[in-house]
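Beneath this line is the structure, given in structure tokens, with notes to follow.
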Amino acid sequence: MSLWEYANPKKFLTTSERVLPVFWWLSGACIVIGLIWGFFFTPDDYRQGSTVKIIYLHVPSALMAINAWLMMLVAALIWLIRRHHVSALAARAAAPVGATMTIIALVTGAIWGQPMWGTWWAWDPRLTSFLILFLFYLGYIALWSAIEDPDTAADLTSVLCLVGSVFAILSRYAVNFWNQGLHQGASVMRAGAITGTDTEEKVSNIFFFPLLVCMVGFVLLFIALVLYRTGTEIRARRIRALLARERMAA
């Protein structure tokens, strides 16, 4: 069985309808377990106090904000190279989800940063690149809505996605590129931070394991939302095609 079989809208709809309930239930279970575990069964941090528990929303949402755009990049490249409509519609479906994750990451980051840094916002490299990434999400969504021809819209938004990918990468690695800024470097998604083989500050295992459950839950939730929204986009495209055919027949 080839992966390209799912470029067929009927095949995609049939498969997604079969697996969606699994993703809904698994994502809900992981998020609920992770949040309850993290908020109620972990201690306060010795320096940050109870504010450290924002990590269970901030880190997973930031992770998905970046990776949602990277998923859109892959879908955009498939559209530009193979001209598979499902990939273009999947990228369109992922954009509002990624934008929502970016808002959650920015808001929770501000709430977390205020007691730690003494300010709600700073023009830190990572924060600034994240804000620009959010503006790219808005521009991507607006461009899809502004162009009537779906193929032209898919072409232009794919180009925009290629450009915006620079800021998705910067959002992930800005701290590594520039030493200035308030935001700390990676302390979770780093092999040494997990295994304890490096000497840099890492997330304690008592916080890491419930965080890992939350991250898995957010990934599964993202997949479920994209599958659901892609199916909706496919059906909406069919309806528009039928209406156009009826107008031509009349």
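When atom types are taken as modelled, the side chain of Arg238 and the backbone of Ile234 share no donor-acceptor pair closer than 3.5 angstrom.
Note: the hydrophobic cluster containing Met101 also contains Val219 (ILVMFWY, side chain heavy atoms under 4.5 Å, direct or indirect links). Residues Leu89 and Leu70 share a hydrophobic cluster, clusters being chains of Ile/Leu/Val/Met/Phe/Trp/Tyr side chains in contact below 4.5 Å. Put simply, Leu242 and Met248 are part of two different groups of oily side chains (I, L, V, M, F, W, Y) that touch within less than 4.5 Å, one to the next. Under the 4.5 Å side-chain heavy-atom criterion for ILVMFWY residues, no single connected hydrophobic cluster contains both Val159 and Leu156. When hydrophobic clusters are built by joining Ile, Leu, Val, Met, Phe, Trp and Tyr residues whose side-chain heavy atoms come closer than 4.5 Å, directly or via intermediates, Phe40 is grouped together with Leu212.
With sequence neighbours excluded, the residues forming a side chain to side chain donor-acceptor pair (under 3.5 Å) with Asp151 are His85, listed by chain and number. Partners of Tyr137 by ring-ring contact (aromatic ring centres under 6.0 Å, His included), not counting sequence neighbours, listed by chain and number: Trp69. In this structure Phe218 satisfies the ring-ring contact (aromatic ring centres under 6.0 Å, His included) test with no other residue, sequence neighbours excluded. Checked against side chain to side chain contact (heavy atoms under 4.5 Å, CB included), Val226 has the following partners two or more places apart in sequence or in another chain: Met71, Ala94, Phe222, Thr230. Shown here are the side chain to side chain contact (heavy atoms under 4.5 Å, CB included) partners of Leu162, two or more places apart in sequence or in another chain: Leu73, Leu77, Leu80. Looking at residues two or more places apart in sequence or on another chain, you find a side chain to side chain contact (heavy atoms under 4.5 Å, CB included) between Ile132 and Thr128, Phe136, Phe167. Legend: residues meeting side chain to side chain contact (heavy atoms under 4.5 Å, CB included) with Ser16, ordered by chain and number and at least two apart, are Phe12, Leu227.
Note that CE of Met64 is 11.5 Å distant from CD1 of Ile104, once rounded to the nearest 0.5 Å. Separating the CG atom in Asn205 from the CZ atom in Phe207 is a distance of 11.0 Å, to the nearest 0.5 Å. The CD1 atom of Ile54 sits 6.0 Å away from the CD1 atom of Ile111 when rounded to the nearest 0.5 Å. The distance from the CG atom of Leu160 to the CG atom of Asp155 is 12.5 Å, given to the nearest 0.5 Å. Between atom OG1 of residue Thr157 and atom CD1 of residue Ile141 there is a gap of 11.5 Å, rounded to the nearest 0.5 Å. Between atom SG of residue Cys214 and atom CZ of residue Phe209 there is a gap of 14.0 Å, rounded to the nearest 0.5 Å.
Between Arg235 and Leu13, the closest side-chain pair of non-hydrogen atoms falls below 4.5 Å. For the pair Ile66/Phe130, a side-chain contact is recorded, criterion being any heavy-atom separation below 4.5 Å from C-beta on.
Leu243 belongs to a hydrophobic cluster with Ile239, counting contacts under 4.5 Å between side-chain heavy atoms of Ile, Leu, Val, Met, Phe, Trp and Tyr, direct or through other members.
Ser158 approaches Ala154 most closely through the heavy-atom pair OG-O, 2.6 Å. What you find for Glu233 and Ala93 is that their closest heavy atoms are CG-CB, 4.4 Å. Taking every heavy atom of both residues into account, Ala95 and Tyr140 meet most closely at CB-CD2, 3.5 Å. Across all non-hydrogen atoms, the minimal contact from Pro43 to Ile206 is CD-CD1, 3.4 Å. The two residues Ala91 and Met72 make their nearest non-hydrogen contact at O-CG, 3.7 Å.
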What verdict does the side chain to side chain contact (heavy atoms under 4.5 Å, CB included) test give for Tyr56 and Val213, after you've listed the backbone C-alpha separation in whole Å, the side-chain angles of each residue and the deciding distance to 0.1 Å? CA-CA 9 Å; Tyr56 302 115; Val213 175; over 6 Å; no
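Arg83 forms a cation-pi arrangement with Trp79, by the criterion of a distance under 6.0 Å to the ring centre and an angle within 45° of the ring axis.
Within the structure, side chain to side chain donor-acceptor pair (under 3.5 Å) contacts touching residues 86-103 (residues at least two apart or in different chains) do not occur. Listed by first and then second residue, the ring-ring contact (aromatic ring centres under 6.0 Å, His included) pairs that reach into residues 87-109 come to none, sequence neighbours excluded. Residue pairs meeting the salt bridge (Lys or Arg N to Asp or Glu O under 4.0 Å) criterion with at least one member in residues 213-224: none, sequence neighbours excluded.
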Give every donor-acceptor pair under 3.5 Å between a side-chain atom in residues 18-38 and any protein atom, sequence neighbours left out.
| from | atom 1 | to | atom 2 | distance (Å) |
| --- | --- | --- | --- | --- |
| Ser27 | OG | Phe23 | O | 2.8 |
| Ser27 | OG | Trp24 | O | 2.9 |

